[in-house]
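We count residues from 1, following the sequence as given.
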Amino acid sequence: MAEAIVSGVFERLTSISLQVAENGVRLVVGVNEEVKKIGTTLRTIRAVLADAEKRQVKEQAVKLWLDRLQNVAYDIEDLLDEWSTAVIRSKIEESQSSFRLSSLQPFANSIPRLVGRRGIATKIKELSESLQVIAKEKDYFAFIVNLSRNDDIEPERPKTTCFVDASEIRGRDQDKNTIISMLLSENGQERGVPIISIVGMGGIGKTTLAQIVYNDREVNAYFQKKLWVCVSDPFDEMRIAKAILEALTGIPSGLGELNTVLEKIHESIVGKKFLLVLDDVWTEDERKWQSLKCCLKSGASPGSKILVTTRKENVATVMGCTRLFHLGKLSEEECWSLFSQVAFSGWNHGARQILADIGKKIADKCNGLPLAAKTLGGLLRFKKSREQWQRILDSNMWELDEAETGLFSPLLLSYYDLPAPLRQCFSYCAIFPKGYKIEKDLLIKLWMAQGFLGDGNGMEIVGEEYFDNLAMRSFFQEFEMDENDDGIIRCKMHDIVHDFAQLLRKRECYVVASNGIEEQRAEWYHENARHLRVILDNEQAVIPSLLYNAKKLRSLLVDSCPSNSSTLNASLPRLFDELTCLRMLDLSNNRFRRQTSITELPCQIGKLIHLRYLSLEGNKGLKQLPTTLWDLCNLQTLNIRLCSSIQRSLFIAEGLINLRHLQNAETYGCTSMTFGLKRSTLLQTLEEFVVEMFVVEMFGNLSGWVENSLEPEVDRSNLGDLGNFAHLRGNLKIIGLGDVSRRSEAEEAGLWKKTGLRNLTLSFNSMYKGNRVLEGAYAHESSVLEALQPPPYLESLNINRMNGPTAFPSWMVSLTMLKRVRLWACFNWKTLPPMWKLPVLEHLEIWEMKNVKEVGQEFMGAETEKGQASSSSSVNNNIAFPSLKHLKFQSMDDWQEWYYGHLLTTMPLLCSLKINSCLKLKSLPCHLLQKTTLQVLDIFDCPILTERYSRNGTGEDWHYISHIPTITIDGEDVKRDGN
């Protein structure tokens, strides 16, 4: 990692020198020479780092030298960041308008004082001297000098975007059948719930075997309930119990007491035959498992089973194992089969034959471990020459004598094959707990905050490429795809790969449990600790006192129990005073969404001048954001999702010039979010934009805060302000469009120019209660909607709360990528728009159209008098809804009739039809019901339809739907004869 850090510092040094020159900053005498000296020294050191990185694995002295170099490089990077921040702040203050809150003044000058020119000069000289000492020490090791810097050249990104499917297992058929036999057997002599344990070393395939058994057809048919929980370390009783309860009920639990959760679990499993898989169990403390075990045993029906995976036989004994299964290694042939499946994916037969002999020798070195075979296969998949394969075979990495010897060697081979920037991106993943579902988007933002992705405009794109590269090399697994199944949104790391990342970040990255057990075991504190996750899991837990001394921390994540919120609130001011090097701070409350953790964010947050990422998500008791927050000019991501108690907040955020992502979904109280963000021109994410009639009278309670000269037209969140954010992408929800009376304002938003937008919600509600009572208040809705033309690549559109007549903008049919549409709560619409014209629409939902009585030709498609379809370019050969697969109507109070339409073909691909709470609807079009493509019919709370299509012998139209494979009426699956 030192190689990547040194390279980053060198580039940063060049950047800040240019920044200082461009802004005419005068330097203290001698500073320029010291800066040049640092640059020269870094260039010299960088030339030997490729060799040093590999030698540190077996030479402790080299490792210690690299550690010292890395720590000095971090310090230099922090100093350069302070210097850059001072330049940015001085520039902002020069151009600041007179519109400034007086409460900002105490902190406005804190940064220049902190990083005054003489202070910087002194620090630069001290660090330069430290670097010179380290540079001299390198000569003792006789490193190989590499001046070509080939290691920094990123590999060409593979043209294919496919990922190797590691679920294709080799050599486990007999093991699978043995476990299934154990699960399906019924022994009346066994008391309680039988516990079957799969025991084996890391990387042997325990989890994979459990997964293929869990998804087996016979197992699915035998058990009424199946539950999967990743346990990992530490054994968190409450988390595990809540995971079990959520799997049983399908609803996240907000319960705070373990006993209450166990009671609910007991109620849910009584009378049911269940299979519970506890994956990756480590605890040898029987007391932690006892209460959950008793709950499961007392409620289980005969035939229920618990399947445990663990590396230790002692753990299986503590868990009360009744049957033990030792999972062995793959045979040489099986290991070669798995390795070649991954390594030769996409290769032709001739290319395979050329390298097969070397490949078999490499596969033999995997020692029968599936993860090792998969990892090395991923490494060699994109290496085409015999020399490259031979170099891997001859590497001295195979000679390591480490824990999990057979696995860390191939992982190190893959690791050192990565370009330096990807190495630090991978190892940073050690900050996540084992078994954690890592969100791709979050991970990229965290990489960005640490400076791993450079500092250009395309950091997010670089992050996407880095993630894909790591995924294709098998560093990630268990991918969750998006709705279109063409992009990864979440993944996991194998527990051994996670162990490997932790090994790489030893003495840098720690997880600390507040009860002290984890702290004692890990001996977490180190003066050079950089990344830390603190878990406060009970009301007695406090912030560890040593944390205040970890002044070089760059990442801090706090998982806080809601019952100790006062402790956390009291600790924050001191934390912010001491931990001023933080670049990432996560105080989110996602684990306890129904409770409150933070109620106040102290003004000391303004001291965290390096901060790039700040998450406050889920803190529902947080009422105000301090004005000092807006001085954090390096901040890239601000996440305040679900902070629903934040009150009206005037954003004078002139300092947030580097803000790229404002994640503000469901911040109901904070309506004027974008006021003052006009300088944040790099903004890419803005989840909600609220249009508001923001008049001066609303500031009556802010006397003394704002100058009296505010103009009413200025003091509102104007729809046209969206025009400032040319780089918006992803999701955007615009609220309060009912308050927009001018088409020109909508045109100024320039939505059609924001080509990165994929999902758009247009909500025509009013944020100002007195505004919509005026006569003709709805007259402008259609013209405003017409002016809000989205970009051509939009994939999802939601329109709601329009109060005027039915509207169908002309741009709708031009959206050739539009796959999803939801229309809801347009209470005055009496007809539905001609949605049949949309050429690629796949999902359509229509909710709460309370005045619609008939759905007919205008919606379903109508021919002209000559028998031809409407001349729209979207219509092809008289086909209505040519791509529609899923259709849902809900809460249509007055809907009575549904006419099929008159086009020759309608909805040829329809596979799912759902009708909910349509109380007056008399029947469904028989032409739709008879389609052979229709796989799912769901009718709920529709009394006339329920009677008409029931199967109790009285349903007159049962014969129209009897062929549909899955029929659900009022929440119950309809059974057929013989089933």
Side-chain angles (χ1 to χ4, degrees), residues 806 821-824 829-836 841-863 867 869 878-979:
T806 303
V821 173
R822 175 184 286 183
L823 306 172
W824 64 280
W829 286 16
K830 295 183 178 180
T831 59
L832 296 181
M835 306 303 294
W836 63 279
L841 184 65
E842 294 181 1
H843 297 256
L844 175 61
E845 295 187 15
I846 298 178
W847 294 37
E848 296 186 68
M849 302 298 188
K850 297 185 181 299
N851 278 319
V852 172
K853 295 182 179 180
E854 294 182 357
V855 172
Q857 297 178 15
E858 77 292 335
F859 174 77
M860 295 293 292
E863 294 178 313
N878 288 354
I879 301 177
F881 295 103
S883 304
L884 192 67
K885 296 178 181 178
H886 305 279
L887 177 60
K888 180 177 181 178
F889 290 95
Q890 179 162 323
S891 301
M892 306 277 284
D893 292 355
D894 280 343
W895 185 21
Q896 300 176 30
E897 303 288 347
W898 185 357
Y899 300 111
Y900 184 68
H902 294 292
L903 285 186
L904 297 179
T905 304
T906 300
M907 303 184 191
L909 302 179
L910 187 68
C911 61
S912 171
L913 176 62
K914 298 183 179 182
I915 312 292
N916 294 350
S917 300
C918 299
L919 306 181
K920 299 180 181 180
L921 184 59
K922 298 176 182 177
S923 65
L924 304 175
C926 61
H927 291 79
L928 282 186
L929 298 178
Q930 292 175 319
K931 289 185 175 296
T932 57
T933 59
L934 191 59
Q935 300 294 304
V936 176
L937 176 63
D938 188 337
I939 298 171
F940 185 84
D941 193 23
C942 304
I944 301 176
L945 296 185
T946 297
E947 182 177 355
R948 190 177 188 108
Y949 297 102
S950 66
R951 194 184 161 279
N952 60 6
T954 61
E956 59 184 286
D957 287 342
W958 164 254
H959 60 283
Y960 286 131
I961 67 172
S962 60
H963 67 284
I964 301 174
T966 302
I967 302 172
T968 304
I969 296 180
D970 290 335
E972 295 186 5
D973 293 338
V974 175
K975 304 293 184 182
R976 291 173 171 76
D977 293 336
N979 294 329

Interatomic spacing from [atom1] in [X] to [atom2] in [Y] - rounded to 0.5 Å:
| X | Y | atom1 | atom2 | answer |
| --- | --- | --- | --- | --- |
| N851 | T831 | CG | OG1 | 11.0 Å |
| C942 | D970 | SG | CG | 8.0 Å |
| F889 | L924 | CZ | CG | 10.0 Å |
| E956 | R948 | CD | CZ | 4.5 Å |
| I969 | L945 | CD1 | CG | 9.0 Å |
| D941 | N916 | CG | CG | 8.0 Å |

With a 4.5 Å cut-off on side-chain heavy atoms, are [Y] and [X] touching?
| X | Y | answer |
| --- | --- | --- |
| Q890 | F940 | no |
| I939 | T946 | yes |
| F881 | L844 | yes |
| M835 | V821 | yes |
| W829 | L823 | yes |
| W898 | I915 | yes |
| V974 | L937 | no |
| M860 | M907 | yes |

Any chance [atom1] of [X] has more than 12 other-residue heavy atoms, nucleotides or ligands included, within less than 6.0 Å?
| X | atom1 | answer |
| --- | --- | --- |
| K885 | NZ | no |
| H959 | NE2 | yes |
| K931 | NZ | yes |
| F859 | CZ | yes |

(message) Could you go through W824 and E845, starting from their C-alpha distance and side-chain angles, then the distance that decides it, and tell me whether this counts as side chain to side chain contact (heavy atoms under 4.5 Å, CB included)?
(response) CA-CA 8 Å; W824 64 280; E845 295 187 15; over 6 Å; no

Please name the pair of heavy atoms, one in [X] and one in [Y], separated by the smallest distance, quoted to 0.1 Å.
| X | Y | answer |
| --- | --- | --- |
| G861 | A880 | CA-CB, 4.5 Å |
| E842 | L884 | O-CD1, 3.5 Å |
| I944 | L919 | CD1-O, 3.9 Å |
| P882 | W836 | CD-O, 4.1 Å |

(request) Using side chain to side chain contact (heavy atoms under 4.5 Å, CB included) as the criterion, point out the one residue from V936, L887, T966 that pairs with S912. (result) V936

(message) Any salt bridge linking E897 with K922? Criterion: basic side-chain nitrogen under 4.0 Å from a carboxylate oxygen.
(response) yes

(message) Looking at K850 and D893, is any side-chain nitrogen of the basic one under 4.0 Å from a carboxylate oxygen of the acidic one?
(response) yes

(message) Any side-chain to backbone donor/acceptor pair from T933 onto L910? Under 3.5 Å, distance only.
(response) yes

(message) Has H963 got a side-chain atom pairing as donor or acceptor with L929's backbone, closer than 3.5 angstrom?
(response) yes

(request) Apply side chain to side chain contact (heavy atoms under 4.5 Å, CB included) to the pair Y960 and Q930, showing each step before the final yes or no. (result) CA-CA 6 Å; Y960 286 131; Q930 292 175 319; 3.4 Å; yes

(message) Run L832 and V852 through side chain to side chain contact (heavy atoms under 4.5 Å, CB included) and show every step you take.
(response) CA-CA 8 Å; L832 296 181; V852 172; 4.0 Å; yes

